[in-house]
Amino acid sequence: MINLQPVDRHQSLTVNSPADVSLQGTLQIPGDKSISHRALMLGALAEGETTIRGLLLGEDPRSTAACFTAMGAQISELNTELVTVTGIGLGQLQEPVSILDAGNSGTTMRLMLGILASHPDRFFTVTGDDSLRSRPMSRVVNPLTEMGSQIWGRRNNSLAPLAVRGRELQPIQYHSPIASAQVKSAILLAGLMTYGRTTVTEPALSRDHSERMLRAFGAHIEVDPETNSATVTGYPTLVGQQVIVPGDISSAAFWLVAGAIVPGSELYIENVGVNPTRTGILVALELMGADITLENQREVAGEPVADLRVKHSNLKACEISGDLIPRLIDEIPILAVAAVFAKGTTIIKDAAELRVKESDRLQVMAAALTKMGANITELPDGLEITGGGSLIGAELDSFTDHRIAMSLAIASVMAKGKTTIARAEAASISYPTFFDSLRSIIKS
Ligand SMILES: O=C(O)C1=C[C@@H](OP(=O)(O)O)[C@@H](O)[C@H](O)C1
Ligand SMILES: C=C(OP(=O)(O)O)C(=O)O
């Protein structure tokens, strides 16, 4: 029997688990977080009305909606059925009368900086929560400064709170040192309001939702898959669109791993976005020998979608590195849990980026899984995990990181004894109904 105590704000999750259960059922997962942010932002910048179906109702898109409402976009009440954004047209954002708050959301802050920097003569201030105020913004501030923007902040303009005075910018050809969709998107969004052609080249391809959606809204976007570069031509007319947001594969990842590691399980996960720049989790789990099938593959509003079926299987270790990392960057905490139940030693490397997410995810996962009895070593840029196939309950903390809260919750289902996860409510950043869904699939 698993006893999963309810999680409310500021409460702990308690799981009592002798793992004599399996996971069974059909799951609908919430909308894709990356696509939700972009639909709200482009809807605000476009002319006319944008409709969004399937928006993620997590805290992060709520932060984006609040920021753009403060700058004059009309956004209807947020719900999953239908959200309407009445855009105000490219370059027309109003100067907000107060500080813009990106909350916990790196995507909101970084993408928005590109938009704000290119709005001449407006003044903006941007902040976020404790976690976001410690995350590096220089990765977007530097290229935007190269384009001529004026941005000030703590620690040599690299940490929020930030102040921005919008200006007419110059186009650049930027070679990003990191594969980051947030960096790429911030520059492309700045390039929308910059005469000429602005190009971003990245060392490996990161998620391409911005390129797809910008094109759908009417921007001129060229991509070169040979060089991983994307170019935007300034001052297009953006026209409101009908966006349908698929389910978030980063949220589905928790069920894919849970179904794979809990004996006797079978889960069916409907309506999952399977954009190739996001399917690294499927590649990694396939390398580990997971039993996952893609059904009903289709295209919905410019994004590939499928239903996923996962059944328990005996996993084996694998190596996850290189160009695969940006394709599964947010799934590494839950992949570490999978590796605990895989035969052999799994190596995850080239993933130093995890140290500057909502928490230092390498350090936090290594410490939490060590406390649960796993054989895990923190590497400078990754993790080394020798699968032992068993965990014990422990007192854990999410460190207010949503991916950590959910990864440890799945680990706790497989742990013998009682696990508590403090600040488990962090899950609501990207998956407000996560614990209800977990409760619904536990069968004893
Ligand atoms: O562009 C996006 O929507 C995102 C990009 C990724 O961040 P980086 O660009 O920092 O890798 C990812 O971790 C984040 O959850 C969402
Ligand atoms: C890193 C994440 O998001 P963001 O950078 O938008 O805070 C995430 O969702 O795991």
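Both ligands and their constituent atoms are indexed starting at 1 by order of listing.
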Contact between ligand 1 and H37 is defined here as a heavy atom of the residue under 4.0 Å from a ligand atom; is it met?
no

Looking at D330 and R361, is there a salt bridge between them, counting it only when a charged N and a carboxylate O are closer than 4.0 Å?
yes

Across all chains, not counting sequence neighbours, the ring pair (Phe, Tyr, Trp, His ring centres under 6.0 Å) partners of Y235 are Y195

What's the shortest distance from atom 9 (O) of ligand 1 to any protein heavy atom, and which residue and atom give it?
S180 OG, 2.6 Å

Spell out, as yes or no, whether a donor-acceptor pair under 3.5 Å connects the side chain of S407 to the backbone of I404.
no

Looking only at protein heavy atoms, identify the closest one to atom 1 (O) of ligand 1 and say how far it is in Å.
R38 NH2, 2.6 Å

Check: S206 main-chain N/O paired with E202 side-chain donor or acceptor under 3.5 Å
yes

In terms of atom number and element, which parts of ligand 1 are under 4.0 angstrom from non-hydrogen atoms of A181?
1 (O), 9 (O)

Closest non-hydrogen atoms of S149 and L169, given as atom of the first, atom of the second and distance, are N-CD2, 3.5 Å

For ligand 1, which is the ligand I care about here, please tell me if S185 has any N or O atom under 3.5 Å from one of the ligand's N or O atoms.
no

Any idea which part of K184 is under 4.0 Å from ligand 1, heavy-atom wise: side chain, backbone, both or neither?
neither

Within ligand 1, which atoms have a heavy atom of K33 less than 4.0 Å away?
15 (O)

Please enumerate all residues that pass side-chain hydrogen bond (donor to acceptor under 3.5 Å, both in side chains) together with S359, with sequence neighbours excluded.
D401

Quick one: look up the protein heavy atom nearest atom 4 (C) of ligand 1 and list residue, atom name and how far away it is.
Q182 NE2, 3.6 Å

Compare D330, T107, L111, V140 and give the one whose heavy atom is closest to atom 12 (C) of ligand 1.
D330

Counting heavy atoms only, name the option from R403, K357, E358 that's nearest to atom 7 (O) of ligand 1.
K357

May I ask you to check whether F434 and W255 place their ring centers less than 6.0 Å from one another?
yes

Answer yes when E270 and R309 have at least one side-chain N-carboxylate O distance shorter than 4.0 Å, and no when they do not.
no

Per-atom contacts, ligand 1 versus I329 - under 4.0 Å to a heavy atom
13 (O)

Lys/Arg-Asp/Glu bridge criterion (N-O < 4.0 Å) met for D307, R298:
yes

Residues that R165 engages under side-chain hydrogen bond (donor to acceptor under 3.5 Å, both in side chains), provided they are two or more places apart
none

Using a 4.0 angstrom limit on heavy atoms, which residues are close to ligand 2?
K33, N104, S105, G106, T107, R135, Q182, D330, K357, E358, R361, H402, R403

Evaluation steps, side-chain hydrogen bond (donor to acceptor under 3.5 Å, both in side chains), between T227 and S229:
CA-CA 5 Å; T227 56; S229 61; 2.8 Å; yes

